[in-house]
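Proteins come first, then strands; the chains are lettered A, B, ... in the order of their sequence lines, and each starts at number 1.
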Amino acid sequence: MNNLRNLRGMNDLLPDQTPFWQKIESVFRDHFSRAGLKEIRTPLLEVTELFSRGIGEGTDVVGKEMYTFLDRGERSCTLRPEGTASVARALIQHGLLKQGPLRLWYSGPMFRYERPQAGRLRQFHQVGVEFFGLSSEINDAELISIAWDLLNDFGVKDLKLELNSLGNQEDRKKYQDKIVNWLENRVELLDEDSQKRLYKNPLRIFDSKVPSTQDLLKDAPLLINSLCNESRLRLEKLMDILRALEIPFSQNFRLVRGLDYYSHTAFEITSNQLGAQSTICGGGRYDSLINQLGGLETSAIGWAIGIERLLLLAQDSFTFSFPDVYFVNKGQNAELLALSITRKLRSKGIFVEIDNSSSSFSKQFKRADRCKAKWALVLGEDEILNNELRLKKLGRDESLNEIDKTKEVLVPINNIDILIKTILA
RNA sequence: GCGGGCGUCGCCAAGUGGUUAAGGCAGCGGCUUGUGGCGCCGCUAUUCGGGGGUUCGAAUCCCCUCGCUCGCCCCA
């Protein structure tokens with residue numbers, strides 16, 4: 001094939017898929033507006049430094065997954081691999097954080113240069129929520145509840161919410177020393193990848209799926225035991241709130257988010273029906289990010305949902321509507337009149353599909369039946385002569401198990417109101 | 001970046017060395033010059049992702065290459 005193709009991992013959304021996307025988008029927009037969240041839209045392209053500084057040099061996202069290139073002015077640019085850093089940058093840049101707390105959402109394409117597989121693409125889509133300037137546990141709980149309710153609203157089954165605390169920066173540092181020390185005495189038992197991570201990003205050794213490493217870690221000291229009283233109390237309080245809200249969760253002491261900017265609350269919502277990628281929603285608190293990017297110390301918490309993954313889970317539960325009217329028409333005078341009537345019906349909110357093919361009535365009716373329209377509206381030479389429209393009920397009477405061809409109404413062409421009334425009845 | 005699987009019509013798919021490359025769905029036309037689910041008839045790949053090679057002969061064997069897909073790593 002000499003034809004042009006899309007780039008690897010950058011998929012087209014074809015007309016038979018876009019209805020699912022529109023459905024998802026409308027559901028989350030509705031949730032967010034009822035929760036009083038405001039939308040923010042930031043560019044897809046940012047200076048590379050934003051991500052290397054914000055997400056962390058040691059992370060895989062920055063180290064090997066970014067879509068980075070030089071623009072014509074020799075600036076290093078990167079297609080955003082996630083949304084949080086850009087949102088933070090925009091808020092700092094425009095001074096919005098000085099005006100009090102913010103509750104925001106965003107959605108759109110993100111880019112990571114990885115080998116595509118089920119539930120993972122190079123251009124993928126996320127929808128995310130971020131709260132700024134809201135530090136108490138009740139906010140963590142509200143934020144989590146929005147994700148939880150949203151996913152449940154999509155009819156997703158078997159969701160699991162997992163929760164952990166990464167403590168504050170001092171807790172983490174204290175623990176990091178402890179775990180590195182503990183692991184140093186057992187380096188030879190670690191797999192190769194984990195050995196590399198030992199000094200670069202030791203916390204993420206807990207992410208390893210190598211069985212021998214996981215075995216070893218069973219006896220390792222846990223981060224949760226290094227939390228100071230304040231951090232521990234914070235976690236307890238959040239769990240109490242979640243229990244009171246009847247949002248089921250489990251604690252996962254190994255849950256360490258991949259990106260550097262997290263602190264305290266870390267959570268993940270997973271499904272066992274996603275193949276190798278089980279995480280559908282990931283999030284946590286990142287109180288140090290704004291400061292790290294040059295803003296004032298600001299508490300912040302957020303999550304992101306992978307829309308492709310949500311689609312894999314929710315698709316089956318979606319239903320869509322079919323046309324109210326399929327306009328069967330034939331003959332030169334009929335075509336123009338049909339189009340003009342179609343416009344009037346559409347302006348009244350009626351879903352009309354018009355057949356402009358000029359093919360035989362038989363063909364047009366077949367198409368009308370196949371598109372599952374409620375009515376066939378017929379206009380041909382005969383109708384024009386009699387100055388009337390023929391409205392015919394489609395579909396079958398389940399009890400008769402065959403087509404009832406008798407349900408036909410004649411409406412004067414100059415009395416569209418009756419037509420509309422009949423269709424909407 | 002590394003493994004496994006796969007690439008035959010818009011989609012699904014048979015064929016695994018021998019004259020014309022099954023079939024199904026969708027599409028178009030007809031049976032029915034103006035009436036729908038079904039049925040019947042006809043049309044739709046000089047060509048098997050691409051390039052080389054072996055052979056009298058290849059979609060079928062070999063080599064290279066490209067692409068897709070699943071998984072590893074990591075993440076949403």
Side-chain angles (χ1 to χ4, degrees), chain A residues 1-3 5-9 11 14 16 55 58-65 81-84 107 109-128 147 151 191-194 196-197 201 204 207-210 256-259 268-271 274-283 302-313 326 328-331 334 355 357-373 375-385 390 392-398 400-405 407-408:
Chain A
M1 275 268 251
N2 198 16
N3 293 330
R5 288 188 55 92
N6 57 319
L7 254 16
R8 188 204 299 276
N11 281 194
L14 301 177
D16 64 332
I55 299 172
T59 63
D60 278 17
V61 169
V62 170
K64 59 176 202 187
E65 294 170 1
E82 52 107 51
T84 301
S107 89
M110 307 294 165
F111 303 83
R112 290 184 200 175
Y113 196 93
E114 305 177 273
R115 287 293 292 270
Q117 69 192 63
R120 180 212 281 168
L121 291 166
R122 285 188 175 178
Q123 177 178 330
F124 63 107
H125 296 77
Q126 288 186 332
V127 53
L151 291 171
D191 62 276
E192 207 182 315
D193 280 335
S194 297
K196 279 187 207 150
R197 270 190 218 140
N201 205 335
R204 278 198 305 131
D207 270 341
S208 171
K209 281 170 195 162
V210 178
V256 289
R257 313 260 63 237
L259 313 183
E268 215 163 80
I269 300 176
T270 59
S271 161
L274 275 174
Q277 261 68 40
S278 61
T279 306
I280 177 154
C281 174
W303 53 249
I305 286 174
I307 297 184
E308 281 82 359
R309 291 181 189 178
L310 176 55
L311 211 55
L312 289 174
L313 297 173
Y326 190 91
V328 172
N329 70 98
K330 191 171 163 65
D355 192 318
S357 70
S358 302
S359 46
S360 71
F361 280 82
S362 171
K363 282 287 167 214
Q364 296 197 39
F365 270 99
K366 270 183 189 161
R367 286 193 277 259
D369 194 61
R370 197 171 312 182
C371 80
K372 296 185 174 154
W375 299 93
L377 185 57
V378 187
L379 183 65
E381 307 292 345
D382 293 357
E383 286 76 15
I384 297 238
L385 275 178
R390 198 176 291 270
K392 183 172 178 175
K393 185 87 178 163
L394 295 175
R396 58 229 51 154
D397 192 327
E398 296 301 340
L400 290 173
N401 199 30
E402 64 180 31
I403 305 170
D404 183 353
K405 296 190 175 182
K407 286 182 186 164
E408 239 181 54

**No-hydrogen, no-angle side-chain donor-acceptor test under 3.5 Å, A/Thr279 and A/Arg309** = no
**Phosphate contact (B/rU35 OP1 or OP2) by A/Gln364 side-chain N/O below 4.0 Å** = no
**Asked** Does A/Arg5 have a side-chain nitrogen or oxygen under 4.0 Å from the phosphate oxygens OP1 or OP2 of B/rG67?
**Response** no
**Donor-acceptor pair (no angle test) under 3.5 Å: A/Lys366 side chain, B/rU35 base** = no
**Request:** Would you kindly check whether a donor in the side chain of A/Glu65 faces an acceptor in the base of B/rG1, or vice versa, at under 3.5 angstrom?
**Result:** no
Within the 4.0 Å heavy-atom criterion, would you say [X] contacts the bases, only the backbone, or no part of the nucleic acid?
| X | answer |
| --- | --- |
| A/Val127 | nothing |
| A/Gly380 | base |
| A/Gly128 | nothing |
| A/Glu381 | base |
| A/Arg390 | base |
| A/Arg115 | base |
| A/Ala304 | sugar-phosphate |

Using purine N1 to pyrimidine N3 plus N6-O4 or O6-N4 for Watson-Crick, or N1-O2 and O6-N3 for G-U wobble, each under 3.5 Å, what pairs with [N]?
| N | answer |
| --- | --- |
| B/rG71 | B/rC2 |
| B/rC28 | B/rG42 |
| B/rU35 | none |
| B/rA14 | none |

**Item:** Salt bridge present between A/Glu408 and A/Arg390 (N-O < 4.0 angstrom)
**Value:** yes
To the nearest angstrom, how far is [X] atom [atom1] from [N] atom [atom2]?
| X | N | atom1 | atom2 | value |
| --- | --- | --- | --- | --- |
| A/Lys330 | B/rG34 | NZ | C1' | 9 Å |
| A/Lys64 | B/rG1 | NZ | C1' | 8 Å |
| A/Lys363 | B/rG42 | NZ | C1' | 12 Å |
| A/Gln117 | B/rG5 | CD | C1' | 14 Å |

**Request:** For side-chain contact (heavy atoms from CB on, under 4.5 Å), just list the numbers for A/Glu383 and A/Val378, CA-CA rounded to whole Å, side-chain angles, deciding distance to a tenth of an Å, and then say yes or no.
**Result:** CA-CA 8 Å; A/Glu383 286 76 15; A/Val378 187; 4.1 Å; yes
**Asked** Under 6.0 Å from the six-membered ring centre of A/Trp375 and within 45° of its axis: does the NZ or CZ of A/Lys393 meet both?
**Response** yes
**Request:** List the steps, then state whether side-chain contact (heavy atoms from CB on, under 4.5 Å) holds for A/Arg367 with A/Ser359.
**Result:** CA-CA 11 Å; A/Arg367 286 193 277 259; A/Ser359 46; 2.4 Å; yes
**Message:** With rounding to the closest Å, how many angstrom separate the P atoms on B/rG27 and B/rG67?
**Reply:** 34 Å
**Prompt:** Are the side chain of A/Glu114 and the backbone N or O of A/Leu121 linked by a donor-acceptor pair below 3.5 Å?
**Reply:** no
**Asked** Does the side-chain ring of A/Phe365 sit on the six-membered ring of the B/rG36 base, less than 5.5 Å centre to centre and under 30° in tilt?
**Response** no
